[in-house]
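Keep in mind that this is a model prediction, so the values were computed, not measured. Ligands are counted one by one from 1 in listed order, and the atoms in each one are counted from 1 as well. The first residue of the sequence shown is numbered 1, and numbering continues consecutively from there.
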Amino acid sequence: MMNTTTTALITPPSPSPSSSSTSPHFPEITTCKTLKHLTQIHAHLIKTSQINDPLIASSLLHAAAITHRELNYALRLFRNIPRPNPFSYNTIIRALAETLIVEEQFYDSQLIEALSIFSQMLNDEFVVPNKFTYPSVLKACGRLKKGLRIGVQVHGQVVKLGFDDDEFVISNLLRMYVMCGEMGDADLLFRKRVRKSDDFCVNGDDLGNGYVDNYGFRERKKRRDDGDVVLWNVMVDGYVKIGEFEVARKLFDEMPKRSVVSWNGMIAGYARGGRFREAVEVFREMQVVGDGVKPNYVTLISVLPAISHLGALELGNWVHLYAERNGIVIDDVLGSALVDMYSKCGSLGKALQIFEGLPKKSTITWNAVINGLAIHGRANEAIEYFSKMLDLGVKPSDVTYIGVLTACSHGGKVEEGKMFFNHMVNVCGFPPRIEHYGCMVDLLGRNGLLDEAEKFILEMPLKPDDVIWKALLGACKMHGNIEMGARVAKHLMEIVPSDSGSYVALSNLYASLGNWDGVAQVRLLMKDKDIRKDPGCSWIELEGAIHEFLVEDDKHPRATDIKLMLEEISSRLSEIGYQLNTSQVFLNVEEEEDAKQSGLQYHSEKIAVAFGLISTRSKTPLRVVKNLRICQDCHSSIKLISKLYERTIVVRDRKRFHHFKDGSCSCNDYW
Ligand code: ZN
Ligand code: ZN
């Protein structure tokens, strides 16, 4: 959720080479603050015929296009300039190629317009493109779907005109190939350029000729390296984008010099690619190695989603403190990332506190808090915040509705959920995404309306994906509808044949009917197709380090102590009459590797809880994150553990939060 709204900020702002050549021939143009004022100046210029002065016309165009980002107005101005100078051409091309119309989106038509004005410029006998023209033109090619063909032609022109030595042109050329996914061509260009600067170091003329101006040489080498950093960054970015993380990392490690942008790029790349552990590791490395750079606003925005996914509260806290101590402004974007982090790390109280303290709350901020309340099962408050948001006149986005629908689903609010869904479609006019349909199926299914949920799936206009069917399958399991469950499981086995979940579900359904032949058949099928169950994995953060446990995990340095603790827990649980219901475990193997089969009696979340108990002082709350859904047995035992050991235990499973306290869970045994 955060990703989509923050990426725009992660891209470094592009320098504005052309603006340096503007001179305020009519000073009010450059100082005016509003578009209205600008149009008044425009009217005045027409009345006094000053508009015919090409320099005044072009600075008016610059103000409209670049300062006020009014593309349509700027285009009209441009078309009325009888003989545009190169500066005007560059201005309008840059505005079209680089201004986002909708958040993070370029329209192809806008980019095509940029390229057609460029071609008009090429045909204009009074002007020639200069080195400020090409960066924007190349950006347009890179952003345009199927822009590669034109991009290659432009590359040819650049070489012919001798601009291929200009750093700014080169980096945009490289970026164009990267954006078109042509990593081979990008790499060729990159190697050529980087090798050239290696030559520069070793065989530099100054060195060869003997009269070595050492300082001057070092200065120039530094400038060259600084320029090259951009190229390295573009390459690393490109490999991250196509999912070649190993290649990207190798390049990153080889970089002769790394800027804060390099570090941020690597962190954001890992986080966006779902490599959360690596993202956090690079973030830590940045503080140790650092290359003389320190985390900045963008770094924090990039690393926070990874911290949220890992549930690493201590590290998240550290980031928050770091921002406060280093004067990094916590605006609505960083604030939302913090709200999201605190709620996903189990500290909803802190999330709400940050939210209340933010001076500016935008849509993404409200989305973060509503979603936070929803995943913690606080449905009423989530809905209250939603209506507060509307009352304050903040426009909801379709993401807002995912939070609201999730809240309804977990809070058993079927009618409200339906109403919100209709409101989103009919009043707000957002076309529902597959996620919204998923929420609705979950809402209906979770609350026992299985037939209605199935009908909803069959009638939805989008093709239902496996997530949708899995939501229904989960509901069938929850409500014991074996007939529908088997049907859905079989369907899932067809659409995602390598996913273990549906096989396990079908096997469980047969087992609960006592249909052992059926169970045997499914297990045989799994063996035939070599389908293994997902390994369960849980982790707990202690003093900033993340301790990860798998089923059958005895690799941890404190494995023996953990085992003793688990045995103590078992015996104390049986003292108060709790017995691990083995037949139930067998029936409900869940998605996890069968605990009994693997010879160990404990699922990973129990191991993590035991480790937490022996590693922290009494009364310290424990926070555990699990990659799969928590099983019935672990859920019942952790409830009792919370009472016996007087601990609050927060478990985040794949779907939601469980706050265990005094022997009960916030989900009311319903998840
Ligand atoms: Zn379990
Ligand atoms: Zn629970």
Enquirer: Do K388 and E381 meet the salt-bridge criterion of a basic N to acidic O distance under 4.0 Å?
Expert: no
Enquirer: Considering just N/O/S atoms, say which atom of H603 is closest to the Zn ion (ligand 1).
Expert: ND1
Enquirer: Identify the heavy atoms of V650 and H659 that sit nearest to each other, and give their distance.
Expert: CG2-ND1, 3.7 Å
Enquirer: Are any N, O or S atoms from H659 nearer to the Zn ion (ligand 2) than 2.8 Å?
Expert: no
Enquirer: Quick one: report the N, O or S atom of H635 that is nearest to the Zn ion (ligand 2).
Expert: NE2
Enquirer: What N/O/S atom of H658 gets nearest to the Zn ion (ligand 2)?
Expert: ND1
Enquirer: May I have the angle between C667 SG and C665 SG with its vertex at the Zn ion (ligand 2), rounded to 10°?
Expert: 110°
Enquirer: Provide the closest heavy-atom pair for F657 versus K344 in the form atom of the first, atom of the second, distance.
Expert: CZ-O, 3.0 Å
Enquirer: Does Y645 have R572 sitting over its ring (NZ/CZ under 6.0 Å from centre, angle to axis within 45°)?
Expert: yes
Enquirer: Enumerate the residue pairs fulfilling salt bridge (charged side-chain N to carboxylate O under 4.0 Å, His left out) with a member in residues 350-376, sequence neighbours excluded, ordered by first and then second residue.
Expert: D332-K360
